[in-house]
Every structure is written in structure tokens, then in C-alpha cells.
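Comments concern the structure below.
In what follows, chains carry the letters A, B, and so on, assigned in the order in which the sequence lines appear, proteins first and then strands, with residues in each chain numbered from 1.
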2 protein chains.
Amino acid sequence: MPTPEADPVRPLQLGVDRGSPVPLYFQLAQQLEAAIEDGTLTPGSLLGNEIDLAGRLGLSRPTVRQAIQSLVDKGLLVRRRGVGTQVVHSQVKRPLELSSLYDDLETAGQRPSTRVLARDLVPASAEVAAALGVAEGAEVQRLERLRLAHGEPMAYLRNHLPVGLLALEEDRLEATGLYRLMRAAGITLHSARQSVGARAADGPEGEQLDESEGAPLLTMRRTTFDDTGRPVEHGSHLYRASRYSFEFQLLVRP
Amino acid sequence: MPTPEADPVRPLQLGVDRGSPVPLYFQLAQQLEAAIEDGTLTPGSLLGNEIDLAGRLGLSRPTVRQAIQSLVDKGLLVRRRGVGTQVVHSQVKRPLELSSLYDDLETAGQRPSTRVLARDLVPASAEVAAALGVAEGAEVQRLERLRLAHGEPMAYLRNHLPVGLLALEEDRLEATGLYRLMRAAGITLHSARQSVGARAADGPEGEQLDESEGAPLLTMRRTTFDDTGRPVEHGSHLYRASRYSFEFQLLVRP
DNA sequence: CAGTGGTCTAGACCACTGG
DNA sequence: CAGTGGTCTAGACCACTGT
């Protein structure tokens with residue numbers, strides 16, 4: 001067996017700008033990522049050892065390691081002790097953003113729109129209370145929307161939010177997604193816990209979504225947290241299975 | 001508004017064993033994680049600054065930072081410049097492992113079992129070829145199994161693997177999950193790309209799964225990659241929606 | 001302003017891999 | 001055995017936060 005794809009760095013132009021406010025490790029990471037994306041660094045190729053790379057760039061080894069580590073975390077590089085650092089073999093697409101259905105549809109060129117069905121204060125059910133960390137029966141904001149693409153219904157969205165977190169203005173809700181409103185309000189979304197299942201539509205649900213009774217629906221419950229770990233939203237949504245599926249990526253943490 | 005929950009470290013017993021082969025930063029991270037889990041470090045409490053912590057433990061600051069950073073990556077801590085490091089407010093459960101249905105069921109005490117329906121070599125379909133990175137029509141290993149819990153069918157599992165990757169012995173397939181076999185064979189699973197949807201069962205599917213025709217089924221397609229980015233498995237599975245849903249966590253990468 | 005985390009340096013020794 | 005990444009140290013300066 002030949003040695004693993006020997007292919008040290010060649011026409012690879014690396015260099016950092018010490019005048020820039022962008023951290024050096026980040027500049028390096030960006031350049032490496034770009035080189036991987038555009039094929040200058042081919043899958044399987046070795047990166048050359050950290051010490052040389054640091055010397056060539058005029059950086060210290062920890063700084064170079066920080067850049068490399070960030071790409072390892074993204075799944076673009078693999079490190080093996082005694083071997084070296086190589087580019088992964090197949091381009092593993094990056095994990096999906098925590099995005100809203102609205103953004104997903106817009107990205108896909110589907111011309112999304114929203115019809116607000118309800119927007120009021122209600123007492124929290126047991127499920128909502130547990131998700132948002134409030135007392136059962138305490139007031140929470142409720143939001144029910146129908147999401148359409150090309151004028152056709154795609155999903156029935158029901159959300160609950162802590163009171164006072166966000167001003168929900170109807171015209172803005174119809175023009176964009178909930179997550180974008182949150183980000184615009186200075187909320188840093190951090191993580192979400194989701195549960196995806198399926199069930200048959202009952203009569204009224206089917207009518208709202210233009211499906212017949214008994215048609216399969218995708219169900220999604222999601223609680224979203226900000227960067228301090230506080231829950232900022234709980235959703236319980238129904239999607240037409242004929243029109244929508246969830247795509248996502250799992251990463252194994254070593 | 002009072003200052004954020006003031007609560008410096010008090011009865012927290014930290015200390016590292018320099019004789020241990022376990023890295024110092026890892027020892028510290030484990031102790032902090034345990035303190036968060038058992039409530040010694042309460043949500044919102046501040047950790048005290050890194051310099052002090054390092055001095056108190058006889059470690060350097062970078063080592064302490066490495067420990068803290070690993071917990072930030074896990075979503076257990078939040079750092080804010082000028083403020084400090086605090087424990088997140090709600091316990092965000094850790095992201096799910098890349099686990100097999102078999103393990104999930106076993107963990108839930110559901111006594112899983114497996115019936116192997118097919119185990120042979122077949123030409124790759126377009127979908128399988130694209131997922132595994134082989135030519136269309138090239139030979140791949142096929143595996144079809146019925147997964148049961150308490151003797152009741154839960155899912156119909158169809159997998160395709162590159163030839164020669166793994167010896168699939170029927171008795172071992174019936175006693176455990178595919179992922180555990182892979183790990184035992186020295187394959188390091190790294191990431192997976194998934195797509196989850198729903199559709200109605202057709203006649204034969206319903207019969208296999210003990211559901212009537214038209215019953216909602218959860219569908220899952222998944223391609224799994226090892227740590228070099230090479231695809232090691234592609235699955236196309238059907239789950240009884242009445243018995244199963246997917247739980248997972250999304251993390252936003254800053 | 002004082003205090004925090006964010007970045008960076010220039011070394012060191014160790015553990016593992018491969019030939 | 002030589003070469004790699006993994007870990008660790010003891011400093012330094014900067015950027016941001018709150019009062």
C-alpha cells in the first residue's frame with residue numbers, strides 16, 4: 001500500500017494581516033477553509049506539520065493549532081497523532097443552521113407567506129409550562145400561523161413565548177419568520193431541542209392544510225434556548241408530509 | 001435589577017491528580033461538569049475568573065481555559081467578556097449521540113430484537129451510489145432487517161454498505177445494532193446526514209409492521225461518515241409513527 | 001476605572017504512528 | 001527511530017463590560 005495520498009502544501013498562498021482586527025487564528029482558518037472549498041487542498045491531502053506552518057506564517061504553534069482545531073470541529077480536517085492533519089475525504093456539508101421554516105422556504109425560492117391565525121395571551125398548558133420554565137397556568141404569548149409557499153399551505157405553526165420577550169407585530173410576522181424577529185430583537189439563539197414524529201390528520205387539520213382526513217402529517221415540537229440557556233420559544237407544528245421533510249446533520253462529539 | 005446571581009465558587013472541591021494519565025484540562029472539565037450536574041454549581045452562578053482558578057489549582061491559565069472551553073462547547077457554560085463565566089440557566093441536555101435504534105431501545109428498557117430479512121450483494125441504485133460514493137451499478141452490501149421491541153415490530157431497516165467494509169454475521173446482527181458492530185470493527189463514526197419525512201404505508205409495508213394500509217409512517221434516510229469523511233453506510237428506514245419519534249438537538253455554531 | 005475573557009507568544013515534554 | 005499531534009507552562013497585551 002502506498003503512503004496515504006502524499007500531497008504537501010504547494011501553490012497554497014497563506015499569510016496573515018497583523019493590522020487587521022480579525023484574530024490571526026481566524027484569518028488562517030478562513031484561508032484554509034477557502035482552500036478546501038475551492039479544491040486547492042484536495043481531500044486526503046496532508047497539511048504539513050504545525051511547527052513548519054507556524055514558522056512559515058510567522059505565528060506561534062498554539063495559534064496555528066487553534067485555527068486547525070476550529071476546522072476539525074467543523075469536520076473539514078482530521079488529525080492523527082504520528083500521522084498528520086489531512087482534509088476529509090468527502091465534503092461533509094456543514095450542520096444546518098437553526099433556521100425557521102420561512103428562511104428555509106425563501107432560500108429554496110419558494111416565495112413563502114404567512115397568515116396569522118391567533119396572537120394572544122393564554123394560560124400555559126403543562127407542556128408549555130415545562131418547556132418555558134414557567135408555572136402551569138401562568139400567562140404566555142400564543143401565536144398560531146399558517147405558512148404557505150406559492151400560495152399553498154405547507155404547515156400549521158403554533159408557538160408559545162414567555163410574556164414580554166418580544167413584541168409580535170402582525171405585519172412583521174406576515175413578512176418574515178419568528179427567528180429573524182428574535183435575532184433582530186437582540187436575542188442570540190443558541191440551541192434547540194426537537195422531537196419529530198408523524199400522525200394522521202384529523203378533519204379540521206386536513207382542511208387547513210388542504211389535505212384529506214387521515215393524510216400523514218409530520219409533527220415537530222421544538223424548544224429554543226438563547227445563549228444563557230433560557231427557553232425563548234416552544235413550538236408545536238404540523239407539516240404536510242407530501243410537501244416537506246427535515247434535513248439535518250448529526251455530529252459525534254469525541 | 002440586582003447583579004446577576006452572585007454566587008462565587010464555595011464548597012466546590014476541585015483538584016487535579018498530576019500522576020494520572022488523564023489530561024489535566026479533562027480532569028478539571030469532568031469535575032466542573034459533575035458539579036453542574038449535581039447542583040453544586042447552580043444555574044446562573046459565576047465560576048470566578050480564570051486566573052484565580054488557575055492559581056488555586058496550580059495550573060496555567062491556558063489549561064484552565066481549555067477545560068472551560070470544552071464545557072462551553074457542550075453548552076453547559078457561557079462566557080461573556082467583561083462579565084465572567086456562568087452556568088447556563090436551564091439544563092440543556094447534551095446533543096444526542098449518533099446512536100442506533102437498537103441502542104435507543106435498549107436504553108429505554110424495551111428489549112429490542114432483530115430479524116434479518118436479507119443480507120446479500122446487489123448493484124447500487126442511483127441513490128445508494130451517490131450516497132456511498134461508488135459507481136451506479138457497482139456491487140454494495142445490502143441488509144434488510146425488522147426491528148422489534150417486546151416482540152412487536154417497530155421499524156423496517158434497509159441499509160447499504162461499501163463492500164469489504166464490515167463482515168456482517170447474521171447472529172451478531174440479531175444480537176446488536178449495526179453501529180455497535182462498526183465501532184467494534186474499529187470504524188470511528190463521525191457524522192451523519194439525515195432526512196426525516198412521513199408517508200402513508202402501502203399494503204406490504206403495513207403488513208410487515210403490523211399497521212393497516214394508509215397508516216402514517218416516519219421515513220428516515222441517513223448517510224453516515226467516519227472520521228476521515230468517507231461514507232460507511234446509507235440507510236433508508238421506515239418507523240411506525242404510532243411507536244416512535246426522533247429527538248435531537250440543534251446547536252448554533254457561533 | 002477595575003475586572004473579565006480573547007488573543008498571542010516561545011518555548012517544553014510526552015504519546016503515538018510509521019517505517 | 002524520526003516525525004507527528006497532544007498537552008502544558010508562564011508570561012503578555014488587548015477589547016469589552018460594568019460601575
Side-chain angles (χ1 to χ4, degrees), chain A residues 1-9 16-30 32 45-73 77-87 186 188 227-228 254, chain B residues 1-9 16-30 32 45-73 77-87 186 188 227-228 254:
Chain A
M1 182 176 169
T3 54
E5 295 88 323
D7 196 356
V9 187
V16 295
D17 170 12
R18 298 196 94 96
S20 161
V22 178
L24 302 179
Y25 80 90
F26 194 82
Q27 292 184 38
L28 176 54
Q30 281 184 315
L32 290 174
S45 64
L46 288 165
L47 215 60
N49 77 59
E50 298 171 348
I51 314 272
D52 285 358
L53 196 51
R56 201 133 32 83
L57 291 166
L59 297 173
S60 71
R61 187 183 167 206
T63 301
V64 171
R65 276 184 65 79
Q66 194 176 358
I68 292 177
Q69 187 58 47
S70 72
L71 297 183
V72 171
D73 290 343
L77 297 175
V78 202
R79 288 210 266 215
R80 296 168 185 278
R81 194 170 354 199
V83 177
T85 304
Q86 18 183 340
V87 181
T188 307
D227 58 355
T228 72
Chain B
M1 183 176 166
T3 54
E5 296 87 321
D7 194 358
V9 186
V16 295
D17 170 13
R18 299 195 93 96
S20 160
V22 179
L24 302 180
Y25 81 89
F26 194 82
Q27 293 184 37
L28 176 54
Q30 282 183 315
L32 290 175
S45 64
L46 288 165
L47 215 60
N49 77 59
E50 298 171 347
I51 315 271
D52 285 359
L53 197 52
R56 202 134 30 85
L57 291 166
L59 297 173
S60 70
R61 187 184 168 205
T63 302
V64 171
R65 277 183 66 79
Q66 194 175 357
I68 293 177
Q69 187 58 48
S70 71
L71 298 184
V72 171
D73 290 342
L77 296 176
V78 201
R79 288 209 265 214
R80 295 169 186 276
R81 199 180 337 209
V83 177
T85 304
Q86 3 181 357
V87 181
T188 306
D227 58 354
T228 72

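For the pair Ile51(A) CD1 and dG11(C) P, the interatomic distance rounds to 11 Å; values are reported in whole Å. Computed from coordinates, the Gln86(B) CD to dT4(C) P distance equals 13 Å when rounded to whole Å. Atoms CZ (Arg79(B)) and C1' (dT7(C)) sit 12 Å apart, rounded to a whole Å.
Of the listed nucleotides (dG5(C), dG6(D), dT17(C)), dG5(C) has the atom at the smallest distance from the side chain of Glu50(B). When distances are taken from the side chain of Arg18(A) to each of dC8(D), dT9(C), dC16(D), the shortest belongs to dT9(C).
Checking the phosphate oxygens (OP1, OP2) of dG3(D), no side-chain nitrogen or oxygen of Asn49(A) falls inside 4.0 Å. Contact between the side-chain N/O atoms of Thr85(B) and the OP1/OP2 oxygens of dT4(C) is not found at any separation under 4.0 Å. Using a 4.0 Å cut-off, no side-chain N or O of Tyr25(B) falls inside it from OP1 or OP2 of dC8(D). Between Thr63(A) and dT7(C) there is no side-chain N or O to OP1 or OP2 distance below 4.0 Å.
Judged by distance alone with a 3.5 Å cut-off, a donor-acceptor contact links the side chain of Arg61(A) to the base of dG6(D).
At distances below 3.5 Å, at least one donor-acceptor pair connects side-chain atoms of Gln27(B) with backbone N or O atoms of Asp17(B).
Across every non-hydrogen atom of Leu71(A) and Ala29(A), the tightest pair is CD1-O, 3.8 Å.
Nearer the 5' end of DNA chain C, as judged by each residue's closest nucleotide, is the contact made by Val22(A), out of Val22(A) and Arg80(A). Along DNA chain C, the nucleotide nearest to Asp52(B) and the one nearest to Arg65(B) differ in position, and the one closer to the 5' end is contacted by Asp52(B).
Using a 4.5 Å heavy-atom threshold, the side chains of Leu46(A) and Thr85(A) count as separate.
A donor and an acceptor atom, one from each side chain of Arg79(B) and Gln86(B), are nowhere located under 3.5 Å apart.
Across all strands, Pro21(A) comes closer than 4.0 Å to no nucleic acid atom at all (heavy-atom distances).
Shown here, dG3(D) forms a base pair with dC16(C); the pair counts as Watson-Crick or G-U wobble because both key distances fall under 3.5 Å.
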